**Q** 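Attaching a single structure in structure tokens format; questions to follow.
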Amino acid sequence: TNKLRWIGWTEEEAGRKQGPTNQSSSQTSIYLCSVNNSMGRGEYYKNKYGGGGRGRGRGGGGGGRGRGGSGGYGGRGGRGAAATQAGDGDPNAARPGGNNGGSYRDLIDLLHRIDGQSYPAYRDIESSSRGWSSASPPFSLFVGRAQADPFAKPTRCRVVVPASTAQFPAEAYSTKIRAIALSDYLNRALSAACVSLGADQAASGGGWSGAKGGDIQIACPGQNVLEQSAVVVDASGNIQVQFAINLPARGRSIQGDRAAQVFETLPRMIQQTLVFASLNGAKLQHHVMSVEDQEWLRNQLDPSGLVAFVPDGAVLPRTSGADDRPMSGNGVVKFASPESLRVSFTLPNSQKAIEGMGMRKGVTLIVGGGFHGKSTLLAALQVGVYNKAPLDGREYCVADAKSVKVRAEDGRAVSSVDISPFINNLPFGKQTTCFSTEDASGSTSQAANIVEALEVGATSLLIDEDTCATNFMIRDDKMMELVAKDKEPITPFIHKIRSLYEDHNVSSVLVIGGSGDYFDVADCVIMLDSYQCHDVTARAKQISSAAATSSGSSHVASSSHVASSSQPFGTIFSRCPVGDAYTPNNKVAVRAKGVISYGGIELEVGGLEQIVDINQTNAVSFALQRMSEAAPGKTLIQVLDEINAQVDREGLDALAPGHFHGGLARPRLFEIAGSANRLRKVGSMAQKK
């Protein structure tokens, strides 16, 4: 570890900041700085602020109910009609009238003074732009619209730590991906410190009149390293932190003394986690460089003719379906590449040669018996579009950034999609070139999912037969003989998969366990046997050839392997979102990772399996609202590109300006588009004329 150093950072600085090296070997992605808990909280603040009284006397102030204390702090002043209407659509958005401020000592004194008052008095701490300024460590706290009562959504806050306080080396955030990685590291550290200090614990019990609230809520990252809004390091090295606080109360009376304790915890958390000198520099450097190396590796896939790479030694299985951490124990089988598929890269930061399995462009099948690891491998690929935190086990397991997992979704809404490449000649003459339904079948939903992914630029499709419509995937020779072609509206995917690659350069990776007909169209066949990976392409092709010879001599089929014959894919058309359909009338709430209540409509997005964090769903809900502003005639991809460009320029706060929203994580365009496509509202999309 002594050799680790930043590019452009002197070895002396690296050694000075690396911190202790005797770290625990347990698998965890949370990084903790050393916390001195020997001093009690009361002693800490007595030493810091002195033991003076609270000073409840009425001092100066500028209007309103302000109780100025030792002078200088003013009340909140009057609130006109414009002020009370501001923030409609988000009860936590800061209102223009709530813009007090002063020193951090003023804030603590104010909280003590309003102890026991009715809950609305918390509005006096609102400070949307002036801020409460701390001297030790130097930072500014901004408080958004105070919650209306103890049962309302928590009060959102923003802390800005200047670069002069944080003092992180410029090399740690010199590129976009390094800044994202550094922000992720600090978010993990801050969230862990919040837990270790007990600041995440809310009072509960005692019924309506009992104590409640008092907890600090900071978004905690999972195994994936995502661009997020909880902690953001900007290009100048300033750090912005956004979180929420449940302002404490007993019944509807303010617990000001307890609120003061909560806000007094913040400086400790900031000092311990957002100041470079307090952190383990070697761990921080490793985290940032690892993420950047993963991003670099993903960018090498396309020029190398690959759609995915899985490194030797990767731990692909997870603890459980509800726990995304790596499986541990003696029974874990680490990934090992077949020799025939082995490729290697040299990572630019670590200069380490990394070897593993390269999946080439084209059609790749993953086969094997049940419970032998097929779906586990595909699951690792579908999240391979994201970088991973160190010790996740899937670091450097990367996939084409434009790969999309598709599946069947019975009952989903479809709006103006041309599914004719797969489905035609529906009963009663229903057209499929501009297909809409509020209740899609398994086959029509899977056809729509594929066409919609292609419309917004997908270059790889990931498919698991366990979540597919069988009649969409394959129709064997016997069934074709029994049911005439003109009576079957579905053209199975097997007939389009080759032309999809050859005509549109879109690769496919499929988990297939029940149909050997796909051997005919595959470029590579990988078999999982007790979690060991084998290249069985030659054997699969041998079986396919033998079957073709047998089929050619049989009276059952007039030509060899009719079930897998290739057909032209067809044209992919663009659609335009109809802005009015995406106007939610200020009624938007994220119920779960897979459910958004949007304008009174339950929008189900659980079928978008590459949404890996509820904070991505939060961001999607705001992005959909931006689509209501789209100029008529703009295609879906044009609208999404504009949203994407604005987030690139301004960060995720561009989706929710003024909200102090710390619960956003960046979704890909494919997941925003997929959510827009699932809105159960007539006329939400129109085909481009």
Side-chain angles (χ1 to χ4, degrees), residues 223 294 297-298 300-301 304-319 324 326-345 347 352-386 388 392-400 403 405 460-468 497 501 507-516 518-544 609:
Q223 299 299 105
Q294 292 175 60
L297 183 58
R298 187 176 297 103
Q300 305 311 301
L301 294 177
S304 301
L306 304 176
V307 295
F309 173 81
V310 185
D312 291 338
V315 178
L316 304 185
R318 302 290 93 186
T319 298
D324 197 38
M327 183 179 288
S328 59
N330 296 329
V332 174
V333 178
K334 294 185 177 181
F335 185 84
S337 172
E339 285 301 321
S340 57
L341 300 177
R342 188 180 302 279
V343 296
S344 65
F345 298 91
L347 301 174
K352 170 186 173 184
I354 185 169
E355 292 188 343
M357 181 177 71
M359 288 188 171
R360 299 213 160 267
K361 294 180 179 180
V363 178
T364 299
L365 305 184
I366 303 173
V367 304
F371 307 100
H372 281 253
K374 303 187 302 296
S375 295
T376 299
L377 174 56
L378 191 74
L381 297 182
Q382 78 182 46
V383 296
V385 298
Y386 303 117
K388 303 294 183 294
D392 170 77
R394 298 167 299 183
E395 308 99 300
Y396 309 108
C397 178
V398 295
D400 172 16
S403 61
K405 174 70 160 50
S460 303
L461 301 179
L462 307 176
I463 301 173
D464 190 335
E465 67 174 358
D466 283 351
T467 57
C468 291
I497 193 170
Y501 175 60
S507 299
S508 299
V509 179
L510 299 89
V511 168
I512 292 289
S515 176
Y518 272 90
F519 295 168
D520 301 349
V521 297
D523 296 301
C524 179
V525 183
I526 299 167
M527 185 170 73
L528 271 296
D529 183 1
S530 299
Y531 303 100
Q532 298 288 345
C533 197
H534 306 275
D535 180 3
V536 295
T537 306
R539 177 59 179 150
K541 290 300 183 182
Q542 183 182 25
I543 293 171
S544 175
E609 296 180 24

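Position 1 is the first residue of the sequence, and the numbers go up from there. What you are looking at is a predicted structure, and each value in this text was computed from that prediction instead of being measured.
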**Q** Using 0.5 Å steps for rounding, measure from the CG atom of Leu462 to the OG1 atom of Thr364.
**A** 10.5 Å
**Q** Does Lys374 have any side-chain hydrogen bond (donor to acceptor under 3.5 Å, both in side chains) partners at least two apart in sequence or in another chain, and if so, which?
**A** none
**Q** Who passes salt bridge (charged side-chain N to carboxylate O under 4.0 Å, His left out) against Asp529, sequence neighbours left out?
**A** none
**Q** Name all residues meeting the side chain to side chain contact (heavy atoms under 4.5 Å, CB included) criterion together with Ala336; count only those two or more places apart in sequence or in a different chain, and write none if there are none.
**A** none
**Q** Compare every heavy atom of Val398 with every heavy atom of Leu297, then report the nearest pair and how far apart it is.
**A** CG-CG2, 3.9 Å
**Q** For Cys468, what residues pass the side chain to side chain contact (heavy atoms under 4.5 Å, CB included) criterion, not counting sequence neighbours?
**A** Gln446, Ile463, Met473
**Q** Report yes or no: does His372 contribute a side-chain atom to a donor-acceptor pair with the main-chain N or O of Ser530 at less than 3.5 Å?
**A** yes
**Q** Has the side chain of Ser507 got a donor or acceptor atom that lies under 3.5 Å from a matching backbone atom of Lys361?
**A** no
**Q** Report yes or no: does Ser304 contribute a side-chain atom to a donor-acceptor pair with the main-chain N or O of Gln300 at less than 3.5 Å?
**A** yes
**Q** Testing the basics here: between Ile512 and Glu465, what is the closest heavy-atom pair and its distance to 0.1 Å?
**A** C-OE2, 3.6 Å
**Q** Check side-chain hydrogen bond (donor to acceptor under 3.5 Å, both in side chains) between Asp466 and all other residues, then give those that pass, not counting sequence neighbours.
**A** none
**Q** Using the side-chain hydrogen bond (donor to acceptor under 3.5 Å, both in side chains) criterion, which residues pair with Gln294? Sequence neighbours excluded.
**A** Ser290
**Q** Look up atom CG in Leu510 and atom CG in Leu378, then write down how far apart they are to the nearest 0.5 Å.
**A** 8.5 Å
**Q** State which residues pass side chain to side chain contact (heavy atoms under 4.5 Å, CB included) with Thr376; sequence neighbours excluded, sorted by chain then number.
**A** Leu316, Pro317
**Q** Identify the two heavy atoms, one from Leu377 and one from Val310, that lie closest to each other, and give their separation to 0.1 Å.
**A** CD1-CG2, 4.1 Å
**Q** Hey, does Tyr518 have a side-chain heavy atom less than 4.5 Å from the side chain of Val367?
**A** no
**Q** How many angstroms lie between SG in Cys524 and CG in Leu365, if you round to the nearest 0.5 Å?
**A** 8.0 Å
**Q** Going by salt bridge (charged side-chain N to carboxylate O under 4.0 Å, His left out), name the residues that satisfy it together with Arg360, two or more places apart in sequence or in a different chain.
**A** none
**Q** In Å and rounded to the nearest 0.5 Å, what is the CE to CG distance from Met359 to Leu341?
**A** 8.5 Å
**Q** With Phe309, which residues qualify under ring-ring contact (aromatic ring centres under 6.0 Å, His included), at least two apart?
**A** Phe345
**Q** Quick one: list whatever passes salt bridge (charged side-chain N to carboxylate O under 4.0 Å, His left out) with Glu609, sequence neighbours left out.
**A** Lys405, Arg407
**Q** Treating Ser460 as the side-chain partner and Val307 as the backbone partner, does any N or O pair qualify as donor plus acceptor under 3.5 Å?
**A** no
**Q** Hey, is the main chain of Leu461 close enough, under 3.5 Å, to the side chain of Ser508 for a donor-acceptor pair?
**A** no
**Q** In plain terms, say whether Lys388 and Asp324 are close enough for a salt bridge, that is, a side-chain N and a carboxylate O under 4.0 Å apart.
**A** no
**Q** Shortest non-hydrogen contact from Lys541 to Phe519?
**A** NZ-O, 2.9 Å
**Q** Kindly indicate, with the supporting measurements, whether the criterion side-chain contact (heavy atoms from CB on, under 4.5 Å) is fulfilled by Ser403 and Val385.
**A** CA-CA 7 Å; Ser403 61; Val385 298; 3.3 Å; yes
**Q** Can a donor-acceptor pair be found, under 3.5 Å and without considering hydrogens, that links the side chain of Asp523 to the backbone of Val363?
**A** yes
**Q** Which pair of non-hydrogen atoms, one from Ile526 and one from Met357, has the smallest distance, and what is that distance?
**A** CD1-SD, 3.8 Å
**Q** Just by modelled atom types, is the Gln223 backbone N or O under 3.5 Å from a matching donor or acceptor in the Arg394 side chain?
**A** no
**Q** Can you see which heavy atom on Asp535 is nearest to which on Ser340, and at what distance?
**A** OD2-OG, 2.7 Å
**Q** Using the test side-chain hydrogen bond (donor to acceptor under 3.5 Å, both in side chains), find all partners of Tyr501 that sit at least two apart in sequence or belong to another chain.
**A** none
**Q** So, using side chain to side chain contact (heavy atoms under 4.5 Å, CB included) as the criterion, who are the partners of Arg342 when residues are at least two apart?
**A** Asp312, Ser337, Glu339, Glu355
